[in-house]
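Structure first, commentary second.
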Number of protein chains: 2
Amino acid sequence: MRKKAPTSQDVARLAGVSQSTVSYVLTGSRPISEATRARVEDAIEKLGYHPNSGARTLRSQRSGVIGLMVPEAESDDGVLMVFIGAIAREARRYGYDILLVTAQEGAQGIRRVVRTGVCEALILMELGRHDERVAPVIESGLPFVTIGKPDEFPQGSVVDLDFEMLGGMIVERAVEEQCDRLLLFGEPGRKRSRNDVARFLAGVEDAASEEGLEVVLDAVPLADVPDQALRLTLPNQRTALFGITGVRQVLFAMAATGALVDDTRLFIALSGEDLVDVSPLLASVPQLDPRRIEISELAVQELVRLLQVEGAGPRVTLVEPRWLEG
Amino acid sequence: MRKKAPTSQDVARLAGVSQSTVSYVLTGSRPISEATRARVEDAIEKLGYHPNSGARTLRSQRSGVIGLMVPEAESDDGVLMVFIGAIAREARRYGYDILLVTAQEGAQGIRRVVRTGVCEALILMELGRHDERVAPVIESGLPFVTIGKPDEFPQGSVVDLDFEMLGGMIVERAVEEQCDRLLLFGEPGRKRSRNDVARFLAGVEDAASEEGLEVVLDAVPLADVPDQALRLTLPNQRTALFGITGVRQVLFAMAATGALVDDTRLFIALSGEDLVDVSPLLASVPQLDPRRIEISELAVQELVRLLQVEGAGPRVTLVEPRWLEG
DNA sequence: TTGTAGGCGTTATCAC
DNA sequence: GTGATAACGCCTACAA
């Protein structure tokens with residue numbers, strides 16, 4: 001048997017004040033004497049009162065809900081879950097809830113959550129280059145933040161990893177580690193069209209030409225990894241191996257061929273995927289932290305700023321990668 | 001510049017009917033003549049009208065939002081994302097949206113989304129044995145479905161994998177594959193306290209005693225996998241290796257020691273984690289599909305039934321595992 | 001078959 | 001410092 005939730009009317013009655021006073025206590029939009037505030041808060045506590053979301057939304061035009069546009073997860077995608085969890089938690093810290101909008105719904109879905117007023121702001125993840133969902137977002141006029149830097153985006157704020165710096169950092173590290181060559185896997189060459197990959201490669205190339213480091217792209221096409229893993233290293237050289245995606249496949253193949261053993265000839269560094277689930281052994285491989293939690297939290301904070309600070313304009317925030325040593 | 005969304009009033013004006021008629025066209029709760037219905041739908045189309053969610057919720061006490069209680073994702077957890085994505089998509093098919101309620105919010109969070117009326121139903125994932133969040137859910141009287149079978153749960157519906165059958169299936173397969181022993185990893189022995197693990201082991205033990213198969217639990221404690229992988233097999237025996245969690249770690253360690261090669265002595269079968277991201281080589285390992293997508297969809301369908309079918313009672317649905325061959 | 005009107009529970013503008 | 005009161009946009013009896 002579901003009993004009706006108490007209303008502010010009930011609270012008012014119990015506290016012996018008018019209904020509007022209850023409202024003012026809640027919103028704090030008007031000074032209230034200590035005495036009555038206490039009485040009202042008592043009554044709220046006693047009744048277990050929570051303001052009705054529908055009514056509040058209807059009246060104030062603010063739903064307290066942020067729409068999160070999530071990409072279609074292809075098979076297991078743990079990375080995504082890290083973002084989503086962090087976003088949801090951070091949003092709650094500011095009193096907002098997260099509503100999922102799946103990529104599958106497309107532009108139509110955006111239009112729906114916007115027009116119905118379910119969401120008062122949006123966070124967009126993994127936008128394509130010319131994503132059909134961008135138009136309705138901009139048209140809606142709602143504040144939004146994208147995680148992942150699109151090519152151009154003057155209308156909403158952007159939070160992303162500084163991929164260019166990431167490229168510079170791995171080059172720098174390779175040099176420090178006495179390496180002559182840097183092998184990049186995870187198809188960075190072929191996926192150059194992606195904004196983040198392009199920025200990463202730009203960072204690599206800039207730094208490499210400055211340091212005189214040889215860079216080999218797509219040294220290990222993921223499909224052929226098993227065959228090629230042993231050929232990665234050259235005699236009398238030390239080689240740095242770095243990748244952001246496909247890390248597990250590459251390491252697995254290398255483990256199978258025994259290539260992981262010789263660290264006089266091979267320096268491995270990684271980014272992007274959690275490796276402890278692959279093997280505790282890899283805990284000692286230096287990793288460039290892609291800082292997904294920080295990025296998620298910043299995205300929420302930025303959105304809250306756009307929502308709450310009068311006249312706040314969009315801006316771009318790039319988060320610096322960090323070395324995590326085993 | 002955010003332009004106000006059109007209201008049903010606007011639609012009514014444009015269609016030359018009363019506001020209530022628009023409402024009736026939308027809800028279908030009253031017969032409408034073809035002529036006016038067409039005019040109204042035209043106007044709706046023309047204005048891009050979507051009914052205001054706040055108003056509808058306030059009036060009807062139904063928000064069209066399902067709360068999804070997600071567990072705290074420890075590091076990368078791709079499995080979770082599969083559930084969440086499938087749940088969100090299926091919910092949309094029935095006109096519902098998914099709102100995230102993080103485990104971190106605890107019982108308080110449940111109470112909040114319930115009392116404020118943001119959610120009209122709940123899906124609960126990964127409940128602990130005596131989860132503090134259960135009480136407020138039951139107290140709320142809202143319909144709910146749990147994914148994962150708790151020990152006892154007469155109040156809400158349950159959808160879960162049939163873990164007992166899973167246990168039987170791996171034993172049966174091991175026997176078919178001429179194996180003398182079945183090694184289980186992923187700490188099934190130690191985690192016997194978990195309901196699903198307990199059911200799985202019960203299934204294994206029943207079938208094994210019937211078939212006369214030797215079963216070894218925790219043969220490979222995950223932490224020691226590298227050392228033990230080679231000792232797994234015995235001469236002149238064929239051994240079946242099966243695990244649900246920690247699959248990647250075990251396989252990686254076995255790859256490194258070369259233990260994967262000899263399939264005359266080893267039969268590997270797995271469940272629970274996607275392995276293609278570890279290596280395409282593993283695509284040929286037979287897997288017991290834990291059917292997460294089906295479970296997610298069923299959970300939503302079950303919840304919709306509880307919501308929409310008058311007098312519908314809670315029920316338990318167990319989904320059968322399936323063999324996926326490479 | 002359609003229109004009129006009341007109210008869902010808030011917020012916020014008037015008054016006092 | 002506090003109390004009435006008018007919307008917010010929709011649903012749904014009640015009339016016609």
Side-chain angles (χ1 to χ4, degrees), chain A residues 2-41 43-44 47-65 95 112-118 120, chain B residues 2-41 43-44 47-65 95 112-118 120:
Chain A
R2 190 180 327 175
K3 57 170 177 260
K4 262 203 341 279
T7 73
S8 57
Q9 199 54 257
D10 300 327
V11 174
R13 224 180 338 260
L14 182 57
V17 296
S18 83
Q19 185 274 329
S20 61
T21 299
V22 176
S23 182
Y24 286 119
V25 168
L26 249 64
T27 62
S29 64
R30 171 203 261 189
I32 300 280
S33 79
E34 250 336 299
T36 60
R37 140 163 291 123
R39 287 218 312 291
V40 168
E41 279 169 350
I44 288 177
L47 294 175
Y49 166 79
H50 288 261
N52 179 282
S53 156
R56 171 172 278 188
T57 303
L58 174 58
R59 183 55 230 225
S60 64
Q61 308 288 13
R62 306 194 294 92
S63 65
V65 171
R112 184 181 61 82
V113 294
V114 162
R115 300 305 280 269
T116 57
V118 226
E120 58 173 299
Chain B
R2 190 182 327 177
K3 56 171 174 260
K4 261 202 342 280
T7 74
S8 58
Q9 200 54 258
D10 299 328
V11 174
R13 224 181 338 261
L14 182 57
V17 296
S18 81
Q19 185 273 324
S20 64
T21 299
V22 175
S23 185
Y24 284 119
V25 168
L26 249 64
T27 61
S29 63
R30 170 203 262 188
I32 299 279
S33 78
E34 250 337 299
T36 59
R37 140 163 292 123
R39 286 219 313 291
V40 168
E41 278 169 351
I44 287 177
L47 295 176
Y49 167 78
H50 288 261
N52 179 281
S53 155
R56 171 172 280 188
T57 303
L58 174 58
R59 182 53 230 236
S60 64
Q61 307 289 15
R62 304 194 295 93
S63 64
V65 171
R112 185 182 60 83
V113 295
V114 162
R115 299 307 280 270
T116 57
V118 228
E120 58 173 299

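Quantities reported herein were computed from a predicted structural model and do not represent experimental measurements. Residue numbers begin at 1 in each chain, while the letters A, B, ... track the order of the sequences.
As rounded to whole Å, 14 Å separates atom C1' of C:dG3 from atom CZ of B:R39. Distance CZ (A:R62) to P (C:dT11): 9 Å, rounded to an integer number of Å. Taking atom CZ on A:R37 and atom C1' on D:dT2, their separation rounds to 14 Å, with Å as the unit. Between the CG atom of A:D10 and the C1' atom of C:dT10 there is a distance of 14 Å, rounded to whole Å. If you take CD1 of A:I32 and P of D:dG3, they are 8 Å apart, rounded to a whole angstrom.
At least one side-chain heavy atom of A:V11 sits less than 4.5 Å from a side-chain heavy atom of A:V40. A heavy-atom distance below 4.5 Å is found between the side chains of B:L14 and B:L47. Within the 4.5 Å cutoff, no side-chain heavy atoms of A:T21 are placed close to those of A:R39.
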Interface polar pairs with nucleotides 10-12 of chain D, N/O, under 3.5 angstrom:
unit_1 : atom_1 : unit_2 : atom_2 : d
D:dC10 : OP1    : B:Y49  : OH     : 2.5
D:dC10 : OP1    : B:N52  : N      : 3.0
D:dC10 : OP2    : B:S8   : N      : 2.6
D:dC10 : OP2    : B:S8   : OG     : 2.6
D:dC11 : OP1    : B:R56  : NE     : 2.7
D:dC11 : OP1    : B:R56  : NH2    : 3.1
D:dC11 : OP2    : B:S23  : OG     : 2.9
D:dC11 : O2     : B:R59  : NH1    : 2.3
D:dC11 : N4     : B:Q19  : OE1    : 3.1

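For the side-chain contact (heavy atoms from CB on, under 4.5 Å) test with B:P51, the passing option among B:T27, B:T7, B:L26, B:I44 is B:L26; the others fail.
Of the possible polar contacts, one joining the A:S63 side chain to the A:V118 backbone as a donor-acceptor pair under 3.5 Å is found.
For a distance-only test at 3.5 Å, the side chain of B:R30 fails to qualify as a donor-acceptor partner of the base of C:dT1.
The shortest distance between the side-chain N/O atoms of A:T36 and the OP1/OP2 oxygens of D:dG1 is not below 4.0 Å.
Counting any heavy atom pair closer than 4.0 Å across all strands shown, A:T57 reaches no nucleic acid atom.
Summarising the geometry of B:V22 relative to B:V17, their closest heavy-atom pair is CG2-CG2, 4.0 Å, with the distance given to 0.1 Å.
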